[in-house]
There are 2 protein chains.
Amino acid sequence: MKSTHTPTMKDVAARAGVSLGTVSKVINHIPVGEKNREKVNLAIKELGYKVNTYARGLKTQETKMIALIVPDTTNPFYARFTQYVEKKLYEKGYKLILCCANGIPEKEIGYLNLASQNKADGIIALTYTDVSSFIPAQIPIVSFDRYFENHPVPLVASDNFQGGFQGTKKLWELGCRRPVFIRFRSKFSSETDKRLEGYVAACKELNLPSDCLDLTDPPDIDASLKAYLEDHKDSRGKLTLDGIFANTDHQAYHAMKILNQMGYRIPEDVQILGFDGIRKYGIDDSALYVSSMCQPVEDLAYLCVEILLKKKEGGVVPSLSLLPVTYEYGGTTRQSNTPMQAYGASNEQQCKHLGI
Amino acid sequence: MKSTHTPTMKDVAARAGVSLGTVSKVINHIPVGEKNREKVNLAIKELGYKVNTYARGLKTQETKMIALIVPDTTNPFYARFTQYVEKKLYEKGYKLILCCANGIPEKEIGYLNLASQNKADGIIALTYTDVSSFIPAQIPIVSFDRYFENHPVPLVASDNFQGGFQGTKKLWELGCRRPVFIRFRSKFSSETDKRLEGYVAACKELNLPSDCLDLTDPPDIDASLKAYLEDHKDSRGKLTLDGIFANTDHQAYHAMKILNQMGYRIPEDVQILGFDGIRKYGIDDSALYVSSMCQPVEDLAYLCVEILLKKKEGGVVPSLSLLPVTYEYGGTTRQSNTPMQAYGASNEQQCKHLGI
DNA sequence: TTTTAAATATGAAACGTTTCATTTATTTGT
DNA sequence: ACAAATAAATGAAACGTTTCATATTTAAAA
């Protein structure tokens, strides 16, 4: 009695009265005599046959799965990135294996190996820790924002340098003359470090001082900000700075909070510009509400997928792809009636930044 | 020349000078002579051998993957749920296949079938559309919040009835005497509908009117709220209601916004209580800031995983598991110095709600 | 018709594991 | 030192596909 037995291709073949090969062809949409195709399809339906992915994978060596490594889905930016990656993969017939690394290096490394174990066809890595030396060779992998030393991994990112540069120019255009850049100093070199470089480059071009504050780790982020602001008051209590360019929207939000607490008006006393554009993509009105240099999350996600799949097919892909960021007004900068200008860094600076 | 050939168990066996079976045992941590184990491990290292998941899966019929279907990872609640599911699965040696259904029924159905195709060992479904009739039989599946008609799918959810009940009592304790419940009327029956039932039950017990406003779809959510409030003013412009119990934190936030716009004070004029507890789990201070009946997201996620895996092992699992929600002060209700009481619905009401 | 060419269908082999009935080596008891 | 008992290692078979060389059918040409 084989009642409790998942039907296999052999069962289908028997029922339809054809050979195994014919069934296989029908399943894989390879042309086959019309009569047979119908017989096979009928048998499949009657038996409720489902292809066994393992048996197939064993032959084809394809899983149709892509692993995505992110630090934390709870972060709106990553959540959105994940969502778009999944969407694109789905359209292309792939499934997403999600890894929330949460800063656990072994976890990141484990998922990096998924492809070598035939559990995934490729990896999109937005790693947090330094896993350069664990990048498996010979497998399709794309990195978002992180630069892996000594490993030729295609990198996709926003044009952080341009973002930093243009944001600074925009602040200047809106009247800011004493900006300060605030950020965490990241432990590992990341594409996002270029934001500061862009800021510095623009300040130089504008003959502005390029102050920068390195925030300390949470939970003291507010404290270090406050201390910095107290240090930058004149005798009348007026701030000697008039603009804050924050490395992320989140940091911008903190700055906003502190300034409010200290009684300064935004944007009248101090303008604030963030980076990421979380608000634009926020699911509800409660999300961050700051002016921001906005990353094209959707396009970034799509590009990662496209490059990864192309690489998987053996195609030649760019080792670096930078997508432009855009200025989005969010209430913490002065209103301006002139549209955003497409500021560009000078050729010289651009070259220096690209290292060419 | 076999230089460009992924090493297989056979290669390892040859190199170590042992049989295939021995290699298999070493890999699966089945006791084996010490000398041989060392030889095999050495060979594995030297060759860089990785087990081929497909070949293994073909034999074992296990994928060590679980699919999670959520409507949208961009929603902080789902994002957090996803994160915890992934964490628990990882601990148990499973990987997560993520489906952001985004309201696309075919997508949900496709992922529901993943298990029958041997791509996943089980499914955790937080579906948006009505997919009752597509639930595959015989495969491990757990539902979060959604009730599938005619299908004995284990359901995990917050105790929404108790939450509605206790929240109402809490509002009353804080002085509210004219509450109104606001919500979207959901298209498909969901466990969350019980929040309203709990509210109604509590109102009855407290001899309060149990007003309820069904919000219209976005983007008119604000409009319908505003209209309702305008309708509930007395001649002097004072509101005839003094408390809003919102079905979700998000709706509570909208209520907060409108009330602010209309010049009412919170919580002095109107108290607001939300449901979900997003703020408590928010990654930054910009998240919703309302008093809320807080769902134990972490425990809910863990429970889903545990029940799923138990079911997969053939264990007997509860068909319904409800976890308690807790009141969290968030600024939109009056301060109270009495700790939250563990209010319970009366026995009679409890029975009615459970249908027993 | 018969021959030839084109189109289809066939089924054995292979993919890389796990499993299990056997065989071989080791230990124990006398 | 020998038999019996126990432990360890072996390798063929099986998992359910895909593939490809071969066989069969069908259609076209002579």
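So that the names make sense, note that chain A is the first sequence line, chain B the second, and so on, each numbered from 1.
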[X] and [Y]: side-chain donor and acceptor closer than 3.5 Å?
X: B:Tyr90; Y: B:Glu86; value: no
X: B:Gln117; Y: A:Thr53; value: no
X: A:Asn160; Y: A:Thr192; value: no

From [atom1] of [X] over to [atom2] of [N], roughly how many Å is that when rounded to an integer?
X: B:Met9; N: C:dC15; atom1: CE; atom2: P; result: 14 Å
X: A:Ile30; N: C:dA7; atom1: CD1; atom2: C1'; result: 15 Å
X: A:Glu34; N: C:dA9; atom1: CD; atom2: C1'; result: 16 Å
X: B:Lys39; N: D:dA9; atom1: NZ; atom2: C1'; result: 11 Å
X: A:Ile44; N: D:dG16; atom1: CD1; atom2: C1'; result: 14 Å
X: A:Lys59; N: C:dA13; atom1: NZ; atom2: P; result: 13 Å
X: B:Leu58; N: C:dA14; atom1: CG; atom2: C1'; result: 12 Å
X: A:Ile27; N: D:dG16; atom1: CD1; atom2: P; result: 13 Å

_Looking at A:Ala157, is its backbone amide N or carbonyl O close enough to the side chain of A:Asp145 to form a donor-acceptor pair, meaning the two atoms are under 3.5 Å apart?_
no
*asked:* Tell me whether A:Asn41 contacts the main-chain N or O of A:Glu38 through its side chain, where contact means a donor paired with an acceptor under 3.5 Å.
replied: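 Flag not set: sc A:Asn41 to bb A:Glu38 has no pair under 3.5 Å.
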Respond yes when some side-chain nitrogen or oxygen of [X] is under 4.0 Å from OP1 or OP2 of [N], and no when none is.
X: A:Thr22; N: C:dT10; answer: yes
X: B:Ser19; N: D:dG11; answer: no
X: A:Thr8; N: D:dT17; answer: yes
X: A:Asn52; N: D:dC15; answer: no
X: B:Asn28; N: C:dT18; answer: yes
X: A:Tyr49; N: D:dT17; answer: yes

*DNA chain D: A:Lys10 or B:Asn36, which has the more 5' nearest nucleotide?*
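That would be B:Asn36.
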*When the nearest nucleotide of DNA chain D is assigned to B:Val32 and to A:Pro7 on a heavy-atom basis, which residue is associated with the more 5' position?*
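Its nearest nucleotide being more 5', the pick is B:Val32.
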*Mind checking whether A:Tyr94 and A:Lys312 have side chains closer than 4.5 Å, heavy atoms only?*
yes
*Which letters describe nucleotides 22-28 of chain D, given B = protein heavy atom under 4.0 Å from base, S = only from sugar-phosphate, - = neither?*
-------
*asked:* Could you tell me if B:Lys107 sits above the aromatic ring of B:Tyr128, with its cationic atom closer than 6.0 Å to the ring centre and no more than 45 degrees from the axis?
replied: no
*With heavy atoms under 4.0 Å as the rule, sort A:Gly33 into base, sugar-phosphate or nothing.*
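A:Gly33: backbone/sugar contact only, no base atoms under 4.0 Å.
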_Whether over 12 other heavy atoms sit under 6.0 Å from B:Glu34 CD_ = no
*Which listed nucleotide (C:dG16, D:dT17, D:dT18) is nearest to the side chain of A:Ser24?*
D:dT18
*Would you mind telling me which residue lines up with the more 5' stretch of DNA chain C, A:Lys25 or B:Thr60, judged by nearest nucleotide?*
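The residue whose closest nucleotide sits nearer the 5' end is A:Lys25.
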